[in-house]
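I have placed the structure first, in the form of structure tokens, so that the comments after it can refer back to it.
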Amino acid sequence: MNVKKGAKVIILAIESSCDDTSAAIIIDGEIKSNRIANQSVHEQYGGVVPELASRAHMANIVPVVKSALEDASVHQKDLTAIGFTRGPGLLGSLIVGVSFAKSLALSLGIPLIEVHHMNAHVLAHFAEDPKPQFPFLCLTVSGGHTQIVQVDDFLDMAILGQTIDDAAGEAFDKTGKMLGLNYPAGPIIDKYAQDGDAIYTFTEPKVDGLNFSFSGLKTSILHFLQKEMKKDDQFITNNINNICASVQARIVSILLNKLTLAAKKTGITQLAIAGGVSANSSLRNGLINLCNENGWRHFIPAFQYCTDNAAMIAVSAYQKYLAGQFVGQEVTPKARMEMKSI
Ligand code: KG4
Ligand code: ZN
């Protein structure tokens with residue numbers, strides 16, 4: 001293996017944990033390219049189909065990596081190291097990115113750096129300015145996770161609270177399924193909600209401390225829709241905007257109430273959001289208002305760094321490169337992975 005000394009540190013990062021294939025180039029800590037190939041094949045199934053995701057990653061990975069190198073005007077022989085998402089995620093999806101990273105690193109004789117997907121979502125805040133200072137709190141909300149993370153340094157973070165059942169993204173997506181919307185429903189609900197009012201109320205689940213729960217909310221939405229549809233079978237079609245606004249308002253209030261509690265408990269007043277659900281307009285506006293009312297600072301990533309992307313993997317990989325944290329060719333993907341384990 002060949003760690004180049006003195007030269008520029010050029011890292012190729014690869015993300016393939018779910019249904020987006022992404023590659024990015026980071027040079028001396030600065031993101032130079034970030035290519036993402038989405039997989040529309042899952043829309044009709046109401047969720048990600050693991051086998052189809054894996055096959056689509058195989059089709060996408062070579063062109064995506066090639067475009068990321070071209071965008072950054074980097075030749076693969078100039079690479080210093082390769083960072084990749086090791087987990088958590090869908091095993092069949094992870095295998096494609098991990099195998100690709102291992103093969104390319106082996107052929108180029110350069111080191112490999114494993115990255116934790118959730119750790120990387122938090123570090124998306126360092127893909128561009130303004131960057132938070134340590135310590136800060138990050139509400140990481142995606143299709144598979146909902147966490148409040150205290151971030152003391154790039155590679156030093158701890159989960160203060162997390163969901164005990166469904167993730168916030170799942171709450172959006174499962175509600176969407178009940179409403180007959182395509183997957184992923186989060187962005188569609190967000191769009192409809194912009195023309196609606198939150199006139200229907202759903203009770204806030206009672207969960208101790210900084211943990212979250214969304215499964216009760218899902219059931220109460222289902223019962224509400226069943227009751228209204230019995231009275232009027234056009235209820236969903238005729239009230240889609242208000243239903244979406246109401247569901248979204250409740251999910252956002254659950255998230256921001258817990259984040260507020262975390263800020264008060266820890267005294268940390270730099271608040272960030274990350275993950276796919278941080279693209280939600282109501283969550284973004286809600287965080288801005290919350291911080292303005294309390295004199296706190298907010299950090300909201302650009303849209304391209306909210307949902308899965310390799311730029312965030314690149315930020316983490318660069319920090320791990322500086323810390324000398326490499327892995328060997330024996331590394332395998334991990335579908336379940338503790339945040340602290342790497
Ligand atoms: O982080 P991400 O791209 O993938 C995972 O690691 O899960 O997050 C995907 C999730 C999906 O549940 C999707 O519905 C949700 O993020 N999402 C949104 C919005 N955009 C994406 N949810 C609410 N509003 C949005 N605008
Ligand atoms: Zn993610």
Side-chain angles (χ1 to χ4, degrees), residues 13-22 24 34 36-40 42-43 45-48 50 53 57 85-90 93-94 97 115-125 127 138-147 149 162-163 166-179 181-194 196 214 217-218 244-256 273-287 300-313 315-316 335-337 339:
I14 293 167
E15 155 63 29
S16 72
S17 66
C18 191
D19 60 339
D20 296 316
T21 321
S22 182
N34 181 42
I36 306 170
N38 305 116
Q39 303 179 359
S40 55
H42 309 286
E43 275 172 20
Y45 298 103
V48 177
H57 282 303
T85 304
R86 184 177 178 198
L90 298 171
S93 292
L94 290 166
V115 171
H116 189 287
H117 182 82
M118 298 314 292
N119 186 304
H121 265 304
V122 172
L123 296 182
H125 286 280
C138 187
L139 170 72
T140 316
V141 270
S142 70
H145 293 81
T146 299
Q147 303 174 332
V149 182
Q162 59 191 323
T163 182
D166 291 349
E170 252 177 306
F172 274 105
D173 297 336
K174 287 180 177 172
T175 303
K177 210 169 177 178
M178 295 177 215
L179 297 172
L181 306 177
N182 274 351
Y183 174 88
I188 308 171
I189 292 179
D190 191 356
K191 199 159 164 277
Y192 281 130
Q194 282 166 26
F214 290 99
L217 174 67
K218 185 181 61 189
C244 288
S246 307
V247 169
Q248 177 170 280
R250 176 47 82 216
I251 295 173
V252 168
S253 77
I254 292 170
L255 294 171
L256 290 180
I273 51 175
V277 180
S278 67
N280 184 267
S281 56
S282 172
L283 180 60
R284 294 165 89 91
N285 292 333
L287 180 69
I300 299 175
F303 285 112
Q304 63 162 326
Y305 302 129
C306 290
T307 45
D308 290 346
N309 66 89
M312 67 186 196
I313 306 301
V315 173
S316 179
R336 289 173 166 271
M337 200 170 181
M339 182 107 117

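Note that ligands are numbered from 1 as they come in the structure, with each ligand's atoms numbered from 1 the same way. Throughout, residue positions are numbered sequentially from 1 according to the sequence presented.
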Restricting to under 2.8 Å, identify the protein N, O or S atoms around the Zn ion (ligand 2) as residue plus atom.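 Metal shell, protein only: H117 NE2, H121 NE2, D308 OD1.
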Mark the output for [X] as yes if a heavy-atom distance to ligand 1 is under 4.0 Å, and as no if none is.
| X | value |
| --- | --- |
| P187 | yes |
| H121 | yes |
| H117 | yes |

Taking distance alone, with N or O pairs closer than 3.5 Å, would you say [X] contacts ligand 1?
| X | value |
| --- | --- |
| C306 | no |
| T307 | no |
| D173 | yes |
| G186 | yes |
| G276 | yes |
| D20 | no |

Under 3.5 Å: donor-acceptor pair, side chain of [X], backbone of [Y]:
| X | Y | answer |
| --- | --- | --- |
| N34 | A311 | yes |
| D20 | C18 | no |
| H116 | M337 | yes |
| S278 | G275 | yes |
| T146 | A168 | yes |

Is it the case that atom OH in Y183 sees more than 12 heavy atoms from other parts of the structure closer than 6.0 Å?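 Yes - once you tally the heavy atoms of other residues, nucleotides and ligands closer than 6.0 Å, there are more than 12.
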Run the salt bridge (Lys or Arg N to Asp or Glu O under 4.0 Å) test against K174 and tell me which residues pass, sequence neighbours left out.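 Checked K174 against salt bridge (Lys or Arg N to Asp or Glu O under 4.0 Å); matches are D166, E170.
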Using a strict cut-off of 4.0 Å, indicate which atoms of ligand 1 neighbour a heavy atom of G143.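 It comes down to these atoms of ligand 1: 5 (C), 7 (O), 8 (O), 9 (C), 10 (C), 12 (O).
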Run the numbers for me: atoms of ligand 1, each under 4.0 Å from some heavy atom of P184, listed by number.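 Near P184, meaning under 4.0 Å from one of its heavy atoms, ligand 1 has 13 (C), 14 (O).
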Rounded to the nearest 0.5 Å, how far does OG of S142 lie from CG of D308?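 Output value for this atom pair is 7.0 Å.
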Out of D190, T140, L90, whose heavy atom sits nearest atom 26 (N) of ligand 1?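 Comparing heavy atoms across D190, T140, L90, the nearest one to atom 26 (N) of ligand 1 lies in D190.
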Using the side chain to side chain contact (heavy atoms under 4.5 Å, CB included) rule, pick out the option among Q39, E15, H57 that qualifies with S93.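 Answer to the side chain to side chain contact (heavy atoms under 4.5 Å, CB included) test with S93 among Q39, E15, H57: H57.
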side-chain hydrogen bond (donor to acceptor under 3.5 Å, both in side chains) between T140 and H121: does it pass, once the steps are laid out? CA-CA 7 Å; T140 316; H121 265 304; over 6 Å; no
